[in-house]
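Take a look at the structure below.
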Protein chains: 2
Amino acid sequence: MASPKVQDRDLLCRLSKVFRQHGYEGASLSRIAKATGLQRASLYHRFPGGKEEMADAVLAYVDELFGNDLLAPLFSDLPPAQRVKEMAKRLRGFYERGQASCLLDTMSLGGEEDPIKRHVAKSFDAWLSALAAVAREAGLTPTLARRRAEDALMRFQGGLVMARATGNIKPFERVLGELPDLLTKKEDD
Amino acid sequence: MASPKVQDRDLLCRLSKVFRQHGYEGASLSRIAKATGLQRASLYHRFPGGKEEMADAVLAYVDELFGNDLLAPLFSDLPPAQRVKEMAKRLRGFYERGQASCLLDTMSLGGEEDPIKRHVAKSFDAWLSALAAVAREAGLTPTLARRRAEDALMRFQGGLVMARATGNIKPFERVLGELPDLLTKKEDD
DNA sequence: GTCTATAGCTTGATAGAC
DNA sequence: GTCTATCAAGCTATAGAC
């Protein structure tokens, strides 16, 4: 065919759902084929490197989503707390109010060091740096800004784990609401 | 043989390491056999219900560890903050200073509702309840105590995710140190 | 670009000897 | 209680028609 049955971005979006939900090992080609509507062999045409290339492409796709959409408000000209609030709003949608897992979490399972784990670590650090940058612009010292960024991301990830494990999404929602103060106020209250 | 090659508790301990590291889907019988030193067929003699029974036994084993050891200090007669400090010390060891994952996290991947997910949710709630109880004994209102327990567990789980994803265990260590105040002080500072 | 068909390996699980 | 040998089903990956 001239044009693909599923466009690249749509394909990556569907792929990302499988990897987010099941992790790398749980994302079997059967599940992927079912979720994308493509047969196994068609997937190998799109991703000659097989499952590992799919995983890497999904990580790159999510990197792009974060850079161009989810974290973009952090670099606007609004007041820092407003920027964080807008990011929280977008994250809330992306993570389906706590009902979807984080790719960086589910793809980091298993022991060995491999290219995927290295990609995950890089993406995580980029997210941390973006949070720390807005905290510094809010007037926090670099050290404190970094610590607050780490706290914010820990609470966020923990909220997602708790939502997945217990089905209770309220703590996750609370974390989202606390992010602006956490990342911009000089003292906790 | 009269006595088993690997005693029950040792076997469960080795099993738990595989499930913690790889999750349910990633814990293949090959990995389990290698980690336990038993052949596949021997594992089926110990766990006739197969992999699912192994997973359930591991969850029960960890429940017992939490009840009898890790969370036990919460119910001592020390001051509440001291109790939490002792729990944090034990958790620090159990999670190998952040280098080991939480079973309740890695076993909660994948979509469908099943007996394992229900067990995970129950164990998570028991942990939450124990934390909330000590917060109430420290003088917090039931509502606030529950919220602090949720916060504590979110930060803890998030710290583990961050440690696994980035290799940086310092934020996790910081969370451990903050737990006593978080669970016993009436105001944040 | 997608498909059917298939290769070859790994998976979870079982049978039966010792 | 553990083992070797084996099974059917699943897996990742490839070949070749359309």
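Note that the coordinates shown come from a computational prediction; the quantities given were computed from them, not determined experimentally. Each chain gets a letter, A, B and so on, in the order its sequence line appears, and its residues count up from 1.
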Quick one: is B/His45 getting a side-chain N or O under 4.0 Å of the D/dT2 phosphate, OP1 or OP2?
-> no
Please determine if A/Arg20 forms a cation-pi arrangement with A/Phe94, meaning its NZ or CZ atom is less than 6.0 Å from the six-membered ring centre and no more than 45° off the ring axis.
-> yes
Between A/Glu25 (CD) and D/dG10 (P), how many Å, whole number?
-> 18 Å
Can you give each donor-acceptor pair under 3.5 Å made by side-chain atoms of residues 80-87 of chain A, sequence neighbours left out, with the distance rounded to 0.1 Å?
| from | atom 1 | to | atom 2 | distance (Å) |
| --- | --- | --- | --- | --- |
| A/Arg83 | NE | A/Ser76 | O | 3.4 |
| A/Arg83 | NE | A/Leu78 | O | 2.8 |
| A/Arg83 | NH1 | A/Leu74 | O | 3.0 |
| A/Arg83 | NH1 | A/Glu137 | OE1 | 3.3 |
| A/Arg83 | NH1 | A/Glu137 | OE2 | 3.4 |
| A/Arg83 | NH2 | A/Leu78 | O | 3.4 |
| A/Arg83 | NH2 | A/Glu137 | OE1 | 3.2 |
| A/Glu86 | OE2 | A/Arg90 | NE | 2.9 |
| A/Glu86 | OE2 | A/Arg90 | NH2 | 3.4 |

Rounded to whole angstrom units, what separation is found between the CG atom of B/Leu29 and the C1' atom of D/dG10?
-> 13 Å
Sugar-phosphate, base or nothing in reach of B/Ala33, heavy atoms under 4.0 Å = nothing
Length of the line joining A/Lys34:NZ and D/dC11:P, which is rounded to integer Å | 11 Å
Using whole Å, report how far CD1 of A/Ile32 lies from P of D/dG10.
-> 17 Å
Would you say D/dT12 has OP1 or OP2 under 4.0 Å from some side-chain N or O of A/Lys51?
-> yes
For A/Leu109, the option from B/Arg164, B/His22, B/Gln21 that meets side-chain contact (heavy atoms from CB on, under 4.5 Å) = B/Arg164
Let me know the distance between CZ of B/Phe47 and P of C/dG12, rounded to the nearest Å.
-> 15 Å
So, is A/Tyr44 close to the D/dT14 phosphate, meaning a side-chain N or O under 4.0 Å from OP1 or OP2?
-> no
Does some side-chain heavy atom of B/Met154 sit less than 4.5 Å from a side-chain heavy atom of A/Met162?
-> yes
Spacing of A/Glu53 atom CD relative to D/dT14 atom P, expressed in whole Å | 11 Å
Under-3.5 Å N/O pairs linking protein and nucleotides 4-8 of chain D:
| from | atom 1 | to | atom 2 | distance (Å) |
| --- | --- | --- | --- | --- |
| D/dT4 | OP2 | B/Gln39 | NE2 | 3.2 |

Donor-acceptor pair, side chain of B/Arg148 and main chain of B/Leu182, under 3.5 angstrom = yes
Mapping A/Pro48 and A/Ser28 onto DNA chain D by nearest heavy atom, which one lands closer to the 5' end?
-> A/Ser28
Check: A/Arg97 main-chain N/O paired with A/Arg92 side-chain donor or acceptor under 3.5 Å = no
May I ask you to evaluate whether A/Ser30 reaches the phosphate of D/dC11, defined as a side-chain N or O under 4.0 Å from OP1 or OP2?
-> yes
Counting only pairs under 3.5 Å, give me each side-chain donor-acceptor contact of residues 50-62 of chain A, with atom names and distances, residues two or more places apart or in other chains.
| from | atom 1 | to | atom 2 | distance (Å) |
| --- | --- | --- | --- | --- |
| A/Lys51 | NZ | A/Tyr24 | O | 2.9 |
| A/Lys51 | NZ | A/Ala27 | O | 3.2 |
| A/Glu53 | OE1 | A/Gly49 | N | 2.6 |
| A/Asp56 | OD1 | A/His119 | ND1 | 3.2 |

